[in-house]
There are 2 protein chains.
Amino acid sequence: MKYGKVFVVDDDEAIRDALTWLLQSRGVEAEAFASAEEFLGCWDADIAGCLLLDIRMSGMSGLDLFDRLREVQARIPVIFLTGHGDVPMAVGALKRGARDFVEKPFNDNDLVDRVIEALEWDSQRRLDEAAAADLAARLEQLTARERQVMELVLAGKLNKVIADELGITMRTVEVHRAHVFEKMGVKTAVELAQLLSSHKGER
Amino acid sequence: MKYGKVFVVDDDEAIRDALTWLLQSRGVEAEAFASAEEFLGCWDADIAGCLLLDIRMSGMSGLDLFDRLREVQARIPVIFLTGHGDVPMAVGALKRGARDFVEKPFNDNDLVDRVIEALEWDSQRRLDEAAAADLAARLEQLTARERQVMELVLAGKLNKVIADELGITMRTVEVHRAHVFEKMGVKTAVELAQLLSSHKGER
DNA sequence: CCCGCTTGTTCGGAAATCCACAATAGCCGA
DNA sequence: TCGGCTATTGTGGATTTCCGAACAAGCGGG
């Protein structure tokens, strides 16, 4: 039951209240905001959850907020809500990465299902990103030389060849190689290759 | 300009003619079908391209055809066309994997752009799938024992340990290991790990 | 009966791994 | 500024592992 939090952003107080009541009655934590600006003001990227976002609002629109979030690499799932949406708008939102697009009035059960789906997706995404961040932190603490050696190791080259290419002794290569393994928390070159391959292309 | 072919499926002859004319005038090869059944009858999964699919048709509907294609693992990109679509239909189609969803009447330039996007996506997808198929074919020709050894190699274990776990001699492990490398077309365990990691989870 | 899979042996060289010892350079806090 | 600390580089030697080549034998399917 501990998924994360739902952030409801809608300038219609009745909708906000109805949504927070609906979600909380289903055991889902929810917090409401009257505008995109208000949400941005107190948003913390570290809190897991999803966004229930009205498209048509005074001030910054839902789509504007969505674009803003994507600009800062925030990948929190966004479910758009709209009373006057059309097909091109929905298609555009989804193709740009929105999680879902729901018309008002909505079916309570259906909406809650979609919200829970989004929350589960987000918590999985956070696990993946945490692993990637951990990996990045480890890569960070490698020295320049160690990174060079690591790349050549990952290219499948023998220590001897690496030594040649870098103009250093094989023994020195071994030292760097051992440091790389230690800092990356692996014991063999194979593990290192898998560690980096699996989390590649996640940017 | 050699992208692939566009398969137009629509039961309205005027639309079919207009679409094929439009596409061909832009240098995109197109072929029209009057029904989902007719398309299925002469469809070849090996031909690169995309599908321009009307949703509302007599007989099998566009959505039915879409589902049928997904059932047989056909991942050809599908752009839905509809004259009477609504938001939930569009959202549902996209969330189930449709490439795009366009309302009639459509803007010619816009539609051609989307078609070309889909064609480019498909040709890239085919490259990826060809690589994956090649990999699968290589894995296929490994013997059971070779696969076992390969897994342990990928677990980063030493030949000695592998020999212990399989209850065979180290030398025999080395033979299998060498066969694996040969059949998989790699020269080191690191390359093997990268080959398998990069094409994992592409199902 | 031949072929491929699996298994085994022996030999030897190449490569990787581990250890101890050590020197140079830069950086940071006392 | 001086004394650690780390990164980087080096040497020499010992041990382990990897790998290629050659030879061979049991076994099961076509």
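Every chain is numbered from 1, with letters handed out A, B, ... down the list of sequences. Values below: every heavy atom of this structure, side chains too, minus hydrogens, waters and symmetry copies.
- One can place CD of A:E146 at 13 Å from P of D:dT6, the figure rounded to the nearest angstrom.
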Check the pair B:V173, B:I168 against side-chain contact (heavy atoms from CB on, under 4.5 Å), reporting the backbone distance first and the verdict last. CA-CA 7 Å; B:V173 173; B:I168 58 181; 3.8 Å; yes
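- Atom-to-atom, NE2 of A:H179 to P of D:dT6 comes out at 11 Å; the value is rounded to the nearest Å.
- Ring-plane geometry between B:F39 and B:F33 is classed as perpendicular, the angle between the planes exceeding 60 degrees on a 0 to 90 degree scale with a lower cut at 30.
- By the side-chain hydrogen bond (donor to acceptor under 3.5 Å, both in side chains) test, A:E31 is found to be paired with A:K5, residues two or more places apart in sequence or in another chain being considered.
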Name each donor-acceptor pair under 3.5 Å that joins a side chain in residues 145-152 of chain B to protein atoms two or more places apart or in another chain, with its distance.
unit_1 : atom_1 : unit_2 : atom_2 : d
B:R145 : NH1    : B:Q148 : OE1    : 2.5
B:R145 : NH2    : B:L166 : O      : 3.4
B:E146 : OE1    : B:T143 : N      : 2.8
B:E146 : OE1    : B:T143 : OG1    : 3.3
B:E146 : OE1    : B:K183 : NZ     : 2.9
B:E146 : OE2    : B:H179 : ND1    : 3.3
B:E146 : OE2    : B:K183 : NZ     : 3.4
B:R147 : NH1    : B:L139 : O      : 2.6
B:R147 : NH1    : B:L142 : O      : 3.4
B:R147 : NH2    : B:L142 : O      : 3.0

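- Running 5' to 3' along DNA chain C, contacts with non-hydrogen atoms of chain A at under 4.0 Å begin and end at C:dA15 to C:dA20.
- Enclosure of atom CH2 in B:W21 is not indicated, since only 12 or fewer non-hydrogen atoms of other residues, nucleotides or ligands lie within 6.0 angstrom.
- Judged by distance alone, the side chain of B:D122 and the main-chain N or O of B:G49 form a donor-acceptor pair under 3.5 Å.
- When the P atom of D:dT8 is taken as reference, atom CE of A:M150 falls 13 Å away, rounded to whole Å.
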Donor-acceptor contacts under 3.5 Å from residues 91-104 of chain A side chains, at least two apart:
unit_1 : atom_1 : unit_2 : atom_2 : d
A:K95  : NZ     : B:D100 : OD2    : 2.4
A:R99  : NH2    : A:E117 : OE1    : 3.4
A:D100 : OD1    : A:R114 : NH1    : 2.6
A:D100 : OD2    : A:R114 : NH1    : 3.0
A:D100 : OD2    : B:K95  : NZ     : 2.4
A:K104 : NZ     : A:D10  : OD2    : 3.0
A:K104 : NZ     : A:D54  : OD1    : 3.2

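- A salt bridge links B:R171 with B:E174: the closest approach of a Lys/Arg side-chain nitrogen to an acidic carboxylate oxygen falls below 4.0 angstrom.
- The terminal axes of the helix from C:dC1-D:dG30 to C:dA30-D:dT1, fitted over 5 pairs per end, subtend an angle of 50° to the nearest 10°.
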So if I define the base as every atom that isn't primed, P, OP1 or OP2, how would nucleotides 11-30 of chain D read as a B/S/- string at a heavy-atom cutoff under 4.0 Å? BB----SSBBB---------
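- Taking the charged nitrogens against the carboxylate oxygens, B:D134 and B:R138 do have a contact shorter than 4.0 Å, which makes a salt bridge.
- Salt-bridge formation is not detected for the pair A:K160/A:D164: no Lys NZ or Arg NE/NH1/NH2 atom is positioned less than 4.0 Å from an Asp or Glu carboxylate oxygen.
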